[in-house]
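Model, not experiment: these values are computed from the prediction. Just so it is clear: chains get the letters A, B, ... in the order the sequence lines come, proteins before strands, and each one is counted from 1.
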Amino acid sequence: MSVAQGRWTGVALDHQIQPASSNPVVLNGQALAVWRGEDGPVRVWEDRCPHRGMRLSFGFVRGNTLRCIYHGWAYGADGQCAEIPAHPALAPPKTICANSYPAETRYGIVWTTLGDGASGPPDLGPDEGWEGVRSLFVAASAEAALTALARFDFGAGATTRMLAGDIVEVSFGPELRMLVVVQAMDDERAALHAAAKGARATEERAALAKRLERLRADIEQA
Amino acid sequence: MTVTTDPVALNEWVPCAWHGQIAIGAALDTMIFGQDIRVERTGDQDYRVTTFGGDSPRELPVQTRYTCVFTTLGDDPRALPEIPEFDEADRRITGCGRVGVNTSPYRIVENFLDMAHFSFIHTDILGAADQTEVLSYRTEHRKDVDEIWAIDCTFYQPAASKAAAGGQLTKYLYRVMSPFSVMLYKNVATDPSRNDAICVFIQPRRETECLAYMPMAIVDEQSTIADIIDFQQSIFLQDRVILENQRPALLPLDPTYELPTRADASSIAYRRWLKAMNIRFGILEKQAA
Ligand code: FES
Ligand SMILES: [Fe+2]
């Protein structure tokens, strides 16, 4: 695998994880459920209900609990099972707990790690002002996606810089910067998450998204 | 995968076609436990099953019962179960065809044994959203026939069957006849003294690739066979979405890997029984490292 187990990786754009939704994500072959309550932060859990293994990304959100679709077990934000509908009078044992991973939103991107999370997501400066541009899912390894991304021509005046093993910054002058994070799904699939910041970020968003679409063709042809 | 070497799985009879699926004189190629087989219909009630691919072809034993054609790769297989309801003259006997499900056979059996999902997956049909409780029931290992039974099961059902006119408290009796077959008896809306008998026989093609057959012996004078099949298939298709999205698809037998509650008593008994018979095929912990 290209991404070390302990490292934080971007796995979604913050605005794509809608309130009261649960979404499937694959990171390094590990299936995750990325969900948000009716309000509050994004959570990243193993995509497997502790009861009988149903994927929690199929679950539904009520308030700030995630319910598994199979038997309706409800899990609180801390992962603890709070209710078992088959036994309404029973207080669920503490041992029933969804397996969760560290999660943080920064630069308009949802970050997680399959490790212990001690280091935190990368520090690329202040968090204010970033907005998500788009995510791109490609049929290529993360390495191939990174190589094509580093070489890609984003247009006149754009400079591309590798910030960390899987993060690229594209600068279009003082008024526009874009971050692109590469997420390894498995050996043959990767996702790219892009966010932008600067005075021109909002007006250029559609144009940036279009350029990323061309990048996909480059990656998959390589 | 290659053909399983698990002697426990090999010594079970499994379905390989439903009676009527193959025209007389025709043949169907399929697979059991990773072994390619050819099922030929040689006469009205006569079938011939042979292996092909790999080693030299051999002819396998065949029997036709409960609307299905059964075969086995084992030398000393467990006998097919006795289900006397299929011989009662006034029963509607139907097979419901077969449905492909990409998971291990045991996940299918457990889903069939499970009342706790009715309110969520079969809402307004087999369960009501506001009546989710599973009352306690008993399980037993019947050693004389080596079967697992769940008895005294009840559940409130808004529309229990094709023949049901309204909600009812349905009584269930479950019976696991082999690792790959399970059935239930449920009380009939029109006649409290009788039970509908509904079976699932599973053809494991590979460890996480199955075909499910649903023979039924039903007490229902009104509904057409097509209606009965329709009802049963629509229920099963709701289950299939769940079955194909359980992780892992292989069954874990370690009791700490998945955490059951009282409503899962039948699943707990089934897993214990599988563990005691030391079956390896389709079991998570028995995969070669
Ligand atoms: S598998 Fe999730 S509640 Fe049963
Ligand atoms: Fe079901």
Side-chain angles (χ1 to χ4, degrees), chain A residues 22-35 44-62 65-75 79-101 114 185-186, chain B residues 103-104 106-123 127-137 153-156 208 238-268 270-271 284:
Chain A
S22 186
N23 311 265
V25 158
V26 179
L27 174 59
N28 287 347
Q30 174 73 53
L32 305 172
V34 178
W35 72 279
V44 178
W45 289 0
E46 185 182 358
D47 197 4
R48 183 174 82 82
C49 178
H51 177 219
R52 283 298 182 247
M54 183 60 199
R55 292 175 62 187
L56 287 172
S57 57
F58 279 63
F60 53 99
V61 177
R62 290 279 178 280
T65 63
L66 177 60
R67 277 188 187 268
C68 176
I69 198 180
Y70 196 176
H71 308 97
W73 291 21
Y75 297 92
Q80 286 291 333
C81 181
E83 193 196 329
I84 295 176
H87 304 299
L90 179 88
K94 280 275 168 278
T95 46
I96 304 177
C97 189
N99 197 3
S100 63
Y101 294 97
L114 301 179
M185 295 171 71
D186 52 36
Chain B
T103 190
S104 63
Y106 319 113
R107 295 279 194 197
I108 303 173
V109 171
E110 288 196 335
N111 168 266
F112 192 80
L113 287 171
D114 172 34
M115 289 179 285
H117 78 287
F118 289 163
S119 295
F120 294 91
I121 304 305
H122 311 299
T123 321
D130 58 353
Q131 297 194 50
T132 55
E133 183 162 13
V134 176
L135 298 173
S136 72
Y137 59 91
C153 309
T154 49
F155 204 79
Y156 175 80
T208 57
Q238 292 176 331
D239 286 317
R240 187 167 72 169
V241 179
I242 298 298
L243 288 167
E244 297 195 335
N245 285 290
Q246 280 173 281
R247 297 289 179 270
L250 296 165
L251 190 78
L253 289 182
D254 173 351
T256 62
Y257 194 91
E258 290 181 350
L259 304 173
T261 184
R262 283 203 312 271
D264 301 305
S266 51
S267 147
I268 295 167
Y270 175 57
R271 289 188 187 192
L284 180 68

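- Closest non-hydrogen pair, A/His51 versus B/Leu259, comes out as CD2-O, 3.3 Å.
- B/Asn111 touches chain A through backbone and side chain together, each having a heavy atom under 4.5 Å away.
- Between atom CZ of residue B/Arg107 and atom CE of residue A/Met54 there is a gap of 11.0 Å, rounded to the nearest 0.5 Å.
- Here the CD atom belonging to B/Gln246 is positioned 11.0 Å from the CZ atom belonging to A/Arg48, to the nearest 0.5 angstrom.
- For the pair A/Tyr70 and B/Phe120, the tightest heavy-atom approach, listed with the atom from each and the gap, is O-CB, 3.5 Å.
- With B/Glu133 contributing its side chain and A/Pro88 its backbone, the two residues share no donor-acceptor pair below 3.5 Å.
- Comparing A/Ser57, A/Ala31, A/Pro85 by heavy-atom pairs within less than 4.5 Å of chain B, the highest count is held by A/Pro85.
- In this structure, CD1 in B/Ile242 is found 14.5 Å from CZ in A/Arg52, a value given to the nearest 0.5 Å.
- Proximity of a side-chain donor or acceptor of A/His87 to a complementary backbone N or O of B/Ala263 within less than 3.5 Å is detected.
- When heavy atoms are compared at a cutoff of 4.5 Å, B/Tyr257 approaches chain A by way of both its backbone and its side chain.
- The CG atom of B/Asp114 sits 3.5 Å away from the NE2 atom of A/His71 when rounded to the nearest 0.5 Å.
- Here A/Ile69 contributes atom CD1 and B/Asn245 contributes atom CG; the two are 9.0 Å apart, rounded to the nearest 0.5 Å.
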